[in-house]
Amino acid sequence: MDAISAITQRTSVRRFRPDAVPRDIIERLLECAVRAPNHKLTEPWRFSVLTGSARDRFAEIRARHRLKRYDDPAGPEAQAAADKIRRESRATPAYVVVMAAINADEITREEDYAATMMAIANLMIAAESLGLGTYLKTGGVMQDPSLLELAGVPDKFRVVGIVSLGYPAQQEPPRRRKPAAELTRWLG
């Protein structure tokens, strides 16, 4: 599949087949990720791939994190929500935890963050081109000390996204987006 088709067909996938994603395929996706533009070739990204027991530990971290949303974490509603997150997380074949360097210089830090998000986009588009599905997770769980330990996040790095990766259980059409023409102003 060509790049434009992969971009226009890509959609977030939440349910995956149980098939493992071969390591060489994940390595290929990571090679695509590191081709992202980055100012002064800082190469600010780092990656941790969670499969098997590491993925299961991540499922527990996500379940504990979900319980924080409830006034009564021991209540049936909270426990049902945590169980759902746990099941869904364990049903995802692989996660790629994507980190970016935290530079002391604010401008470099923002450039590095942007470059790392472009690396994520490269990974996701490459995955689509190979028939894989992805889902980008962000939010509070990225700062959970248990996740930082599990993923081996180095000092002076932060998690900027967690990409779910696997073969889609079902294909969904891309969601409608506003046409670029409605969001573009041409100046000349």
Side-chain angles (χ1 to χ4, degrees), residues 1-39 41-52 54-56 58-59 61-62 84-101 110-139 141-142 147 150-151 153 157-184:
M1 175 184 303
D2 67 276
I4 291 175
S5 296
I7 291 168
T8 58
Q9 293 176 26
R10 196 209 67 76
T11 187
S12 295
V13 174
R14 294 179 186 259
R15 290 183 190 80
F16 300 96
R17 296 190 329 239
D19 317 25
V21 180
R23 182 181 178 129
D24 64 313
I25 298 293
I26 297 173
E27 289 171 344
R28 191 170 173 199
L29 298 177
L30 294 171
E31 288 298 330
C32 290
V34 302
R35 298 302 305 167
N38 57 106
H39 188 66
L41 290 176
T42 58
E43 299 182 280
W45 39 68
R46 298 293 182 275
F47 309 94
S48 288
V49 179
L50 310 178
T51 61
R55 177 214 45 217
D56 294 345
F58 179 55
I61 292 166
R62 287 193 68 213
K84 181 178 185 241
I85 288 291
R86 193 177 285 115
R87 277 191 315 274
E88 289 173 356
S89 298
R90 286 183 176 150
T92 300
Y95 291 97
V96 180
V97 180
V98 184
M99 300 159 257
E110 288 304 306
E111 288 172 343
D112 287 350
Y113 175 82
T116 303
M117 290 304 284
M118 286 188 275
I120 290 172
N122 279 5
L123 185 150
M124 294 173 76
I125 293 163
E128 178 71 26
S129 77
L130 297 175
L132 291 157
T134 57
Y135 185 90
L136 176 60
K137 295 177 187 330
T138 57
V141 75
M142 296 187 315
L147 172 65
L150 173 65
V153 177
F157 277 79
R158 64 179 173 162
V159 176
V160 299
I162 303 166
V163 180
S164 303
L165 179 64
Y167 296 97
Q170 60 190 36
Q171 287 297 121
E172 292 186 27
R175 291 189 174 97
R176 186 185 169 309
R177 304 286 173 111
K178 287 182 182 178
E182 289 180 27
L183 306 169
T184 304

For [X], what residues pass the side chain to side chain contact (heavy atoms under 4.5 Å, CB included) criterion, not counting sequence neighbours?
X    : value
A6   : M1, I125, E128, S129
E110 : none
P22  : D24, I25, Y167
M142 : T138, V159, I162

Inset, instruction - Spell out, as yes or no, whether a donor-acceptor pair under 3.5 Å connects the side chain of S48 to the backbone of A151. - result: yes
Inset, instruction - Go through the steps for R23 and T51 under the test side chain to side chain contact (heavy atoms under 4.5 Å, CB included), then give the verdict. - result: CA-CA 10 Å; R23 182 181 178 129; T51 61; over 6 Å; no
Name all residues meeting the salt bridge (Lys or Arg N to Asp or Glu O under 4.0 Å) criterion together with [X]; count only those two or more places apart in sequence or in a different chain, and write none if there are none.
X    : answer
K137 : none
E182 : none
R55  : none
R17  : D19

Using the test side-chain hydrogen bond (donor to acceptor under 3.5 Å, both in side chains), find all partners of [X] that sit at least two apart in sequence or belong to another chain.
X    : value
R15  : none
Q171 : none
R90  : E60

Within 6.0 Å of [atom1] in [X], more than 12 heavy atoms from elsewhere:
X    : atom1 : answer
R28  : CZ    : no
L183 : CG    : yes
R14  : CZ    : no

Legend entry - Under the ring pair (Phe, Tyr, Trp, His ring centres under 6.0 Å) test, residues paired with F58 that sit two or more places apart: Y95
Inset, instruction - List the steps and the verdict of salt bridge (charged side-chain N to carboxylate O under 4.0 Å, His left out) for E31 and R35. - result: CA-CA 7 Å; E31 288 298 330; R35 298 302 305 167; over 6 Å; no
Legend entry - Evaluation steps, side chain to side chain contact (heavy atoms under 4.5 Å, CB included), between L29 and V163: CA-CA 12 Å; L29 298 177; V163 180; over 6 Å; no
Legend entry - Over all atoms of both residues, closest heavy-atom pair of T134 and F16: N-CE2, 4.4 Å
Inset, instruction - Please assess M117 against L136 for the test side chain to side chain contact (heavy atoms under 4.5 Å, CB included), listing each intermediate value before the final yes or no. - result: CA-CA 10 Å; M117 290 304 284; L136 176 60; 4.0 Å; yes
